[in-house]
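These notes are about the structure you will find just below.
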Amino acid sequence: MLTVSKLVKSFAVPGGRNTVIDHIDFEVREGECYALLGPSGCGKTTTLRCVAGLERADSGVITIGGEVVSDPARDIHVPVHQRPIGMVFQSYAIWPHLDVYENVAYPLRVQRPRLPKAEIDERVMSVLKLVGMDSLARREATRLSGGQQQRVALARAVVRNPALLLLDEPLSNLDARLRDTMRKELGDLIARIGITAMFVTHDQAEAFSLAHRIAVMNRGLIIQEGTPRQIYMRPSSPFVAFFMGSANVITGRADGGTGQIRLEGSTHRITVNTTFEPDETLSIVLRPEQLKVTRDQRTAASNVLSGKVDRLTFQGGHIECDVRLGDGLTLRVPIPAGLELEKDMPVWVEIESLDSSIFRNDENPINKERS
Amino acid sequence: MAFVATPAPSGAGRFRARLAKADIGLAIIPVVGAVAALVLIAVPVAMLFYAAFHGPSDYLPFEAGAKWTTDNIVQVFNDRVLYTRILPDTMVFVLGTVLLTTSLAFTFAWLVERTDIKGSDVWFSLVLFPLLVPIPVLAIAWIFLMGPNAGWINLAIRGVFGFDGPGPINIFSMAGLILCQSLASTPFVFLLMTSTLRSMNPQLEEASGASGASPLTTFRRVTLPVLIPGLLAPVILVTLITLEQFELPLIIGLPARINVFAYRIYNELNPASGLPNYGGAAAISLPFLLLGMIALMFYNWTIRRGDKFAVVTGKAYRQRHLTLGRWRFAAYGLLGFYAALAVVLPAAVLIWTSLLGYSAPTFANMKNVSLAAYYDVIGNAIFWRALRNSLVVAFLTAVITTTVGAILGWIIARSTFWGRGLLDFISFMSTGIPAVIVALAVMILYLSFPVGLYGTIWILIIAKSYRIAATTRIARAGLLQIHPELEEASAASGAKWLPTQWRIVIPLLLPALMSGFILIFIIGMREFTIPLILFSPENVVLPVLLWQLFQNGQPAPSAALATFIMLMVLPMIFLARRFLIPRGRTE
């Protein structure tokens, strides 16, 4: 549906050019919902704007539905209004001089040849019904709440049945509670319309719940692409793991050819099945569900580290437990709310399945299983 | 000390509670504000009404022998000249100027803010220049350039096409007056329009593009409708300003026998023969005062509509820049034409005339260069008096309006004083009062009550300080930006009301006050109308001195003085760019 290959985009800055997208490739399949996920400044919004035609790429080819819409090498740049897209903007960009109905009708009204009035009316009302705004059709745009604005923006983006729906941080303008509801609703709507969609976000929860596939971006590059599960379970680098949230990323040093790793900031060692160069620096990513806190030492497991409870943060369904393993090393582990621990209590942390958790310092995973 | 349980006060209640406890100073503030607003605005206006209904017309309203009468009104409104000359001339002048000014200003604002035009910062400064120069300076330069007989531009056209003189351009005509007034008014409207353009969320336009609308459709169906409230406000304001214009109608309009209302009032006070007609002047200003008020209401209504659209959020967006392509030649041409007529040629002709006398710009004439005119000017004690007066009056006017504006702004934004709505109204009304009318009102007031102010610089300061609308608005906007919790946090840290204002509020408000001060100072330096009407040898200021030199047929010294004023103004461009126009244009 959408293909992007070797896309490059840079902006002029004092004293040179700043490359924000550096030769990225990806493909969004028909009917798929695809997310570009990354921290601010990683190039994800610029990528989306290049696809929309709001920015001119420096080089690379973009096709939508098989048609080349951007290829600077061949001097092709289809302007935004001639691309088969619908777009939801970060600020929603609801036009203040038009009411809800007219905002949604706009893409149909500017279509040439002109559409019959009855058809416009029918399509506007049916899409407004779809987003649950049909009763507010004549509401002034300036009197809409954030959630309502988002629905209008979505209705406007899909009313002319575009081939591709683009969403720029679609939920970031909403407050936290509303964001959760709207996230589910947005997912339902996109699925019900059955439209191919690509969106940009910095919130991994948003990407996980909405997208079929995710591309994690950093510094103008796609550093990992895959399903939410693949990215979460098999991050390709400590950066991805860290960006997925909740993971502990710690540093260790290989202890000769023994498969033992010394953990920095403590006297602990862990054992893995791989051998490393002596003194090689390693990053170890530990996801919460790899860790278990117990009050007794279990002998069965191979990697069990002793520590002390440093801090307990009650979170409702569970407790965040910080376990101090040494002077400079603390692990954060979620524990069941029923487990009664107190500060300074001695505990043991059991680490399971370390195989895909260890990264050399060039950020490549040791056990490379490409997803 | 016992804690007394009180119902949790909220918002206004909290302030009232604090007001009760606070020092006397706090209670005095509304009184000071009210008195200042009354003395500066309400009293002169009331005096104007009083004078309009008192006669005989050459008597001051409180003079012995003056009594209530409708003679002035009857006489003014029975005068055919009002309907055959003054109203039509005023209307043509205002409409023509507003149309031309708006077209120029919008085009320039659009070019500078929304296109990829090169050197937008330079163009920005160039367009701003006429805003800072006193209008008599420009007027004299334009007469040197477009005078029918020996104007440089006419000489050039005749030379190129082989016409015989005079003409073909005659500045002393309605078209000439409108052209000059538009050149002079464009920067102000330009300034307001650039900020409107900058405050539009570019995603509104991008959303239109993403909906399948072409750039032209987007401009027509989204950009213009969204911007219109923000663009209409400056247009109404310039209508109001043109209505009160006096400088150019006097300097250019009078020789052309154009009779607009502002000049008419001046004429009643300085008739060719006979005594000043105070009552008649007051009577004729009433309908125009009303017109000003109506325009002001309309302005207020537009602003509110704009607020509702929330496009003017005070937040500046990074705008998309349209590629001009072939159109850039037309763009540079138009901007160049304006810069030539409003900046470069006036400066050139003034410098030339100051050094060489009023002569054609030829190499043969250049051998007569002399600094005599400059020695003439600086050797004259009146010049130094005028310079000192100009600076002192502009400075003190700025101090007074900024202080009064800050006090009124505080009352309106923060206090629960019962009369705050009225004070807001009075302050806002000052925008709609033409300078000629204020000068007239102040004149009648201080002639009637001889407290020793008439003829001094103090009467200029009092008369000019009526323009408190701008500083009130600036101070109020500044205060609204300062969250009340910042003050409450100071109180919660144990600071009393006064230390809180002194250490927290005033430092935070200072940038806003500073920009208001500079704005008023610049306006004060330019002001010509009020100092001319209230002129005495003692309170002469630079623009008035300039006009007198010019009137007396001394082109070289007046050009030298004009050049001096221009040089003085140059650093103000940087002041203005620095403080009044925060333009973080990111490329």
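Proteins come first, then strands; the chains are lettered A, B, ... in the order of their sequence lines, and each starts at number 1. Every value quoted in this text rests on a predicted model; they were computed, and no experiment measured them.
Proximity to chain B is limited to the side chain of A:Arg160, based on heavy atoms less than 4.5 angstrom apart. In this structure, chain B has a heavy atom under 4.5 Å from the backbone of A:Ile94, while its side chain stays farther away.
Using a 4.5 Å heavy-atom threshold, the side chains of B:Arg221 and A:Val110 count as touching. Taking the side chain as every heavy atom from C-beta outward, A:Phe89 and B:Leu204 never approach each other to under 4.5 Å. Contact of the B:Ser208 side chain with the A:Trp95 side chain is registered, since non-hydrogen atoms from C-beta on lie closer than 4.5 Å.
Closest of all the heavy-atom pairs between A:Tyr106 and B:Thr218 is OH-CA, 4.1 Å.
More than 12 heavy-atom neighbours from other residues, nucleotides or ligands sit within 6.0 angstrom of CD on A:Glu27. By the neighbour-count criterion of 12 heavy atoms within 6.0 Å, atom CZ of A:Arg114 is sparsely surrounded, having that number or fewer from other residues, nucleotides or ligands.
A distance-only check finds a donor-acceptor pair linking the side chain of B:Gln203 to the backbone of A:Ser91 [under 3.5 Å]. No donor-acceptor pair closer than 3.5 Å links the side chain of A:His97 to the backbone N or O of B:Leu224.
Listed options A:Arg109, A:His81, A:Arg49 were ranked by heavy-atom pairs under 4.5 angstrom with chain B; first place goes to A:His81. Among the candidates A:Gln90, A:Arg112, A:Gln82, A:Arg143, the residue making the largest number of heavy-atom pairs closer than 4.5 Å to chain B is A:Gln90.
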